[in-house]
Every structure is written in C-alpha cells, then in structure tokens.
**Student:** 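Here it is, the structure, as structure tokens.
Quick caveat, the model's predicted, so the values are computed rather than measured. Within every chain, numbering begins at 1; the chains are lettered A, B, ... in the order of the sequence lines, protein sequences first and strands thereafter.
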Amino acid sequence: MRRSRAFIPTSKEAPSDASLASHIFLARAGFISQSAAGLYNYMPLAKRVIKKIETIVNEEMSKVGAQEVELSFVTPAELWKKSGRIEKFGKELLRFKDRKDNMFVLGPTHEEMMVELIKNRVTSYKNLPLNLYQIKTKFRDEARPRFGLMRGREFIMKDGYSFHASTEDLDREFEEMEAAYKRILTRLGLDYRVVEADSGAIGGSGSKELMVIADSGEDTIAICSKCEYGANVEAAISGERKEVPEAPEAEFNKFSTPDVKSIEELAAFFKIDAYYTVKCVAKKLVYENESEIVLFFLRGCDNLQEVKAVNAAGALEIQDASEEELKALGLVPGFIGPLDQDKAKHVIDTSLKNAKNMVCGANELDYHYVGADLSVISDVAYFADISEVNAGDSCPKCDGELSFTKGIEVGHIFKLGTTYSEALKAEYLDENGKAQPFIMGTYGMGISRLVASVIEQHHDENGCIWTKETAPYMVNIMVSNIKDEAQMAAGEKLYKELQEKNVEVMLDDRKERFGFKMKDAELIGFPYTVIIGKELVNGNVQVYERFTTEKTAVNADEILSYVMDII
RNA sequence: CGGGGUGUAGCUCAGUAUGGUUAGAGUACCUGGUUUGGGACCAGGGGGCCGAAGGUUCGAGUCCUUUCACCCCGACCA
C-alpha cells in the first residue's frame, strides 16, 4: 500500500475521553473511530489486525477439529424466552420488532441459536462429539461501555460450543480448548494466565478465564509465585496457613467491652491478633422474589468476598444492610456474634470451623465473649468459603505465595452441562436408544478486546508496538525526501520486491519531512521501518526496529535479503 | 440504574459569572514559496444553524424551560 493513497487518519491529539493506552493510540493512529457510546468504526488498519487475529483463531480451531459456522445476528426472541434468558439478560438484550410485529434480539451470545441449529440434526451418540464456532459481532447493551474496544456494546467475539455424550468427553474437550486458547494467545505474543473463575449462578462443573496481564485490566486475579495456580479473586482460595499466631488463653466468659465495635479496636482492646476475632458482615441478599438479611462470619483478619457470598447464599444479588434493618431484627451492630443467636441466616467461613480461643460479639450492647469455642456449632451451622484471599496467603496447590495482579479477560471457557439442551429440549439417542440431553461446553474469546489487549501490553509513549503476528503491515518503507530521485527509486524498488515476496508492506511516499514520517510510523507501530534517506549516497539505508527502537545501517544492495531475514 | 460533568471549526479547547461589532486560538486542510534526519517556516485561503427545540429580549454562544448526546464515579457485566 502506498501511504499517499491509504486511509489512515492519524492525529497528534487524542480524543478527550480516552484514558487507556490502547484507546488513545488506536484512535490517534487511525485504527478506530467512535460512532456512539460503545460503538466503533474499524478503519483499514484495524480491519487488517482483526483479520490477522481471526486467521490465527481459525487455524488453531481447525487443528482441534472445531468447525466454523455463522449464525444470524438477529435472533428470534422466542428462543430467549424458552431458555429463560430474556429476563436474566434484562436490558443488555437489545430487542426490537420487525414489520410483522415479531420480537427479535441482537445476539449477545449464541447458546440458544447453536442448540437450535443442531437440534434434530444431530440425533445420535455416533455423531458426537461436535464442536462448532463462529467469529461474529455481538451486541450487549451495556449500562456503561468504556475504555475503547475493551468494553464496547458492539464487539467481535469468537464463540464456540461443543456437544458431548458424556462428562468425561466434555472434560477432554475442555482441556483441548484450553490448550488451543493458550496457543492462540502465545502466538499473538501476549503475556497471559489461565485462572479459575467463578461459575456463578449458571452452575456447571467449572470455568476458566484467560487473562492477559495488564495494569489496566478490570479483573483482579491471585497468582502463585511458584506454580501455575491462578484464580480470579471471585473464586480464589488459599492454602493452609503456614504460621498461626499464638492463641490467647482465656476461659469462656462474657466480657465488658464498652464502645469496642471494630475489629481493630477489638484486637487492640484484648491485645490479640485479629485472627482470633470473629467478624460479622451483614448483607442484604436479593433472591428472585424476596430478600433477606444474612450474617456472614469470618476471621477478623479476612474480608468477605461478595461473589462467593452470593453463591453461598444462592442469591442473585448482594447489597449492604443498613443499621436500621439490623436493629429491626433485634441485632446489635458492632456486637453481633454467631453464638446463641438465630435472628438471621448465618453463613460461616470454613476457616472458623472448630475454631477455638475466639473473641466474638455477645449479641448484647458493649459485650463480647472471650475464649469462645466454635466447635459447638460446627455440626449445625452452615459453613462455606466466603473469604477473599489476601496477598501473601499460601497457594492451595503448592508451598508458594499468592499475590495480586490485574488482568483483561480475553477468554472464558465453560463446562455448561445440560442447562441449555434441557431448556430447549435438544436430545440425542444413546447406545440404548434412550433420549439424552446434550452435554455442552462453551468457549468464548473476545477478538476486538484482543486487539486492545495487544496494545495494552505493547506500547510506549510514542504509540503502538504491534507484534509480528498482529501487525497490520510488517514493513514500512520510509523515503525521507521524495524529491530525491535516487531515494524514491530505491524505495519503489524495495516496495516492489517485498510485494513480490508477499510481505505486507507500506511505502511512505508522502511529501513530508523526516521527523513527521518517523513519528507517524512509530504511532502506527510497524514492526520495521526501512529508512531510505541521506545515507543512501554512501550506499546505506537503515532499518528501524519498533520494538527496540534501534536503527541499524544496512548496505542498500543487501536490504531485501536483510529484511526477509528478520521478519 | 443512582451521583457528577461536558456539548462552540475535522481534532484539542478559549469565550458563557455581568447578553451588545462580522464568534476566536492552536492544530489539521487548500494555494504559493522557502526548507528536507525527529510532528519545519513565511504569506494567503476555505471551513461554524455555538447539540436540538421552545421561550425571555430591541438584541442570545451567553439568561430561562424542555430534550438529546457523550464522558466520569458507582451498581451491573454469559
């Protein structure tokens, strides 16, 4: 492509609302332009990058025997009613009516459509397993789209669905897909981590997220210093505590603790480690048709993990409980304990099972119990893992330590089970001729989000730094002064030669000065720029490598083979 | 969906408290000239229903009402 003919509107100025590097540079370098909240136009450079990523995805999917299809973007609302997701998705589903007054939705994901597609077409266990996927625009009417391509309402996603006759076969497929996804991210040149994820209300037997490591990521993940263990904080668990603080010695007793309400005050009052205190976090849990106050008890040194709390309570949503609501139930905020009290549902963290020598609220103003032994309630109370891991906790898989980092969720793979096949009555006949619902897996990967992720990980103050697998053009030939006939001729020659060798090449033949064209090349982020300039009279050109920002002098006669060698 | 903010040239923004020439700057764009190794310089030029609709006024970018859009914090996010 000749730069003089290319539609690449670069700009010195970033859009005023952009804060992320990927958003700023993709906009400045002429890749994307916003059309409305969470909606973007892809310009030629972005389109090329997207195609690169899609090609890699297609290659890796084909290796594991997944077949590409394309389902209609506009989907009948009827299907969403059948699966029950029309309510669950709520306003995120963009719905509208056609001229015949039939309701449709813009597809935010395609479980229903895919199940419908194979239903009554795949009818025998002999035809399983089956893995179908598509790469397609999705639409979710997000309440607050943000961060450029990172969280748009319209985005490109690769969504795959597999169908199996046994959970063992689903497990096998799940592992294969995880491996394929890892290969994709590795080829894209991304630093990532596969982490355990919250399975959420959907249930299923497990899900994993593929997280690209970046400070700008919206998810917090806990990773082990030694082994491969990593988990979203919503699902992270810690191993056995290595060092347990010395236990306070005290007979069970009710103790006057005037005005001592917080865990800090309590630990200081008794001069004990917060590990031996019981913290009560009161929340209001919202269910489909009702809500209730639930008391979550944890060790004083731990914090409640709200997603775990929602799961433990089987609720849809969690909200803060007000003091008034607690008092209305007869509870004493600041002094709530798990013993001799059943004014609200209790959920107790597993780390408190059979805990001894504890200090906890006595459910009476200005009183705490000391020397409490929780084993008395261990047979009757409901225990669940509801605490958030702390940085420095030990790893559940090895003797390493956990630390936090931020990640961008670029993939999510899920063992779905029979949720959708049952809801939509999609069945096959097993060896015994008995109808069985398909056992399903689902595998998502955000293509447009990957474009942004590459830049989040690969940029500097001057702009984008595309990896070789993602670059819109591999080589940029920059003719320093197009009025210099020798320079221009050398540029044209190399341009032609590289094109003949199928190298994706840009020829910057614009009537601009050296500095302007260099800044532009850096902003766009071509991996290599061949500078044909003032050194040409000495028989030399230079190769500028975007990644290292180094320039190397190369004999003009050898430039073709040099370039072919490094790319 | 709660709270806050912003809409003026392609882009980044002044101007709005206190209404008053023909609405500005930088950048980008067009012409000519100079320049040619890190976003050049000089001269000339084109480009605006001041988000939209009503209203107040002799007069509205500026005041009032309504509305729309976009952004930020939070809630939400298979």
Side-chain angles (χ1 to χ4, degrees), chain A residues 9-19 23-24 27-30 33-39 80 83-86 88-93 107-112 114 138-148 150-153 155 157 159-161 197-204 207 209 218-219 234 286 306-307 310 316-320 409 411-414 416 419-420 440-446 449 462-463 478-484 487 510-524 529 531-537 540-542 544 549 551 553:
Chain A
T10 57
S11 154
K12 229 191 278 194
E13 211 90 47
S16 54
D17 47 61
S19 56
H23 189 186
I24 292 171
R28 278 192 55 202
S33 109
Q34 185 170 6
S35 69
L39 304 179
W80 295 83
S83 71
R85 285 213 290 184
I86 198 143
K88 193 171 155 36
F89 253 101
K91 288 189 173 172
E92 274 193 39
L93 266 187
T109 173
H110 282 208
E111 279 81 7
E112 285 85 353
M114 197 63 93
K138 300 286 182 289
F139 192 92
R140 291 179 197 178
D141 201 358
E142 292 258 4
R144 189 148 97 85
R146 62 191 116 170
F147 303 140
M150 209 62 93
R151 180 171 289 282
R153 290 142 95 203
F155 56 98
M157 182 164 86
D159 50 321
Y161 309 86
D198 167 45
S199 296
I202 274 200
S207 80
E209 292 167 334
E218 292 188 81
D219 292 273
E234 295 172 354
V286 181
E306 294 198 353
V307 172
V310 169
L316 296 173
E317 202 186 321
I318 187 165
Q319 297 172 350
D320 287 338
E409 182 192 340
H412 198 161
I413 56 177
F414 216 110
L416 267 186
T419 314
Y420 293 92
M440 293 178 59
T442 178
Y443 318 94
M445 186 167 252
R449 186 176 276 185
N462 291 319
M478 197 268 265
V479 178
S480 179
N481 180 1
I482 64 163
K483 284 188 185 168
D484 183 317
Q487 287 184 19
R510 291 174 300 172
K511 182 182 172 295
E512 294 288 352
R513 295 160 64 93
F514 178 86
F516 182 91
K517 290 203 249 195
M518 276 306 286
K519 286 284 186 196
D520 213 47
E522 283 170 326
L523 179 60
I524 292 169
T529 292
I531 303 167
I532 299 176
K534 63 183 184 184
E535 289 295 311
L536 190 63
V537 290
N540 281 336
V541 298
Q542 285 163 302
Y544 170 79
T549 70
K551 289 177 195 159

**Student:** I'd like to check the salt bridge (Lys or Arg N to Asp or Glu O under 4.0 Å) partners of A:R513; sequence neighbours left out, ordered by chain and number.
**Tutor:** none
**Student:** If you restrict it to nitrogen or oxygen atoms, what contacts under 3.5 Å exist between nucleotides 46-48 of chain B and the protein, and what is each distance?
**Tutor:**
none

**Student:** Can you list the residues that meet the ring-ring contact (aromatic ring centres under 6.0 Å, His included) rule with A:F514, with sequence neighbours excluded?
**Tutor:** none
**Student:** Taking any heavy-atom pair under 4.0 Å as a contact, classify A:M478: base, sugar-phosphate, or nothing.
**Tutor:** nothing
**Student:** Considering only the C1' atoms, how many Å lie between B:rG48 and B:rG32, rounded to the nearest integer?
**Tutor:** 27 Å
**Student:** With heavy atoms under 4.0 Å as the rule, sort A:K551 into base, sugar-phosphate or nothing.
**Tutor:** base
**Student:** Please report the distance separating the P of B:rC58 from the corresponding atom of B:rG15, rounded so that it comes out in whole Å.
**Tutor:** 29 Å
**Student:** How would you label the contact of A:P9 with the nucleic acid (heavy atoms, under 4.0 Å): base, sugar-phosphate, or nothing?
**Tutor:** nothing
**Student:** Rounded to whole angstrom, note down the P distance from B:rU6 over to B:rG51.
**Tutor:** 13 Å
**Student:** Find every protein N or O atom lying less than 3.5 Å from an N or O atom of nucleotides 24-27 of chain B, and list the pairs.
**Tutor:**
none

**Student:** Can you tell me which nucleotide in B:rG37, B:rC70, B:rC76 comes closest to the side chain of A:R146?
**Tutor:** B:rC76
**Student:** Expressed in whole Å, how much space separates the C1' atoms belonging to B:rG19 and B:rA25?
**Tutor:** 23 Å
**Student:** For A:E317, answer base if it contacts any base atom (sugar-phosphate contacts may also be present), sugar-phosphate if it contacts only those atoms, and nothing otherwise; contact means non-hydrogen atoms under 4.0 Å.
**Tutor:** nothing
**Student:** Heavy atoms, side chains only, cut-off 4.5 Å: are A:Q487 and A:V479 in contact?
**Tutor:** yes
**Student:** Is B:rA75 in the syn or the anti form, by the rule that syn lies within 90° of 0?
**Tutor:** anti
**Student:** Could you give the distance from CD (A:E13) to CZ (A:R28), rounded to the nearest 0.5 Å?
**Tutor:** 8.5 Å
**Student:** Looking at A:K91, I'd like to know whether one of its side-chain N or O atoms comes within less than 4.0 Å of OP1 or OP2 on B:rC76.
**Tutor:** no
**Student:** If you measure from the P atom in B:rA9 to the same atom in B:rG4, how many Å do you get, rounded?
**Tutor:** 27 Å
**Student:** Are the side chains of A:P145 and A:F155 in contact, using a 4.5 Å heavy-atom criterion?
**Tutor:** no
**Student:** Could you tell me how far B:rA60 sits from B:rA23 if I compare only their C1' atoms? Round to whole Å.
**Tutor:** 13 Å
**Student:** Taking atom P in both B:rU12 and B:rA43, what distance in whole Å separates the two?
**Tutor:** 27 Å
**Student:** Can a side chain N or O of A:R144 be found less than 4.0 Å away from OP1 or OP2 on B:rC73?
**Tutor:** yes
**Student:** How would you label the contact of A:E111 with the nucleic acid (heavy atoms, under 4.0 Å): base, sugar-phosphate, or nothing?
**Tutor:** nothing
**Student:** Using the P atom in both, what is the distance from B:rG61 to B:rC50, to the nearest Å?
**Tutor:** 7 Å
**Student:** Could you pull out the protein-nucleic contacts involving nucleotides 34-36 of chain B (nitrogen or oxygen on both sides, under 3.5 Å)?
**Tutor:**
from: B:rU35; atom 1: O2; to: A:R513; atom 2: NH1; distance (Å): 2.7
from: B:rU36; atom 1: O4; to: A:K483; atom 2: NZ; distance (Å): 3.2

**Student:** Reckon A:S16 has a side-chain N or O less than 4.0 Å from the OP1 or OP2 of B:rC13?
**Tutor:** yes
**Student:** Base, sugar-phosphate or nothing for A:A37? Non-hydrogen atoms, less than 4.0 Å.
**Tutor:** sugar-phosphate
**Student:** By side-chain hydrogen bond (donor to acceptor under 3.5 Å, both in side chains), which residues pair with A:E209, not counting sequence neighbours?
**Tutor:** A:N232
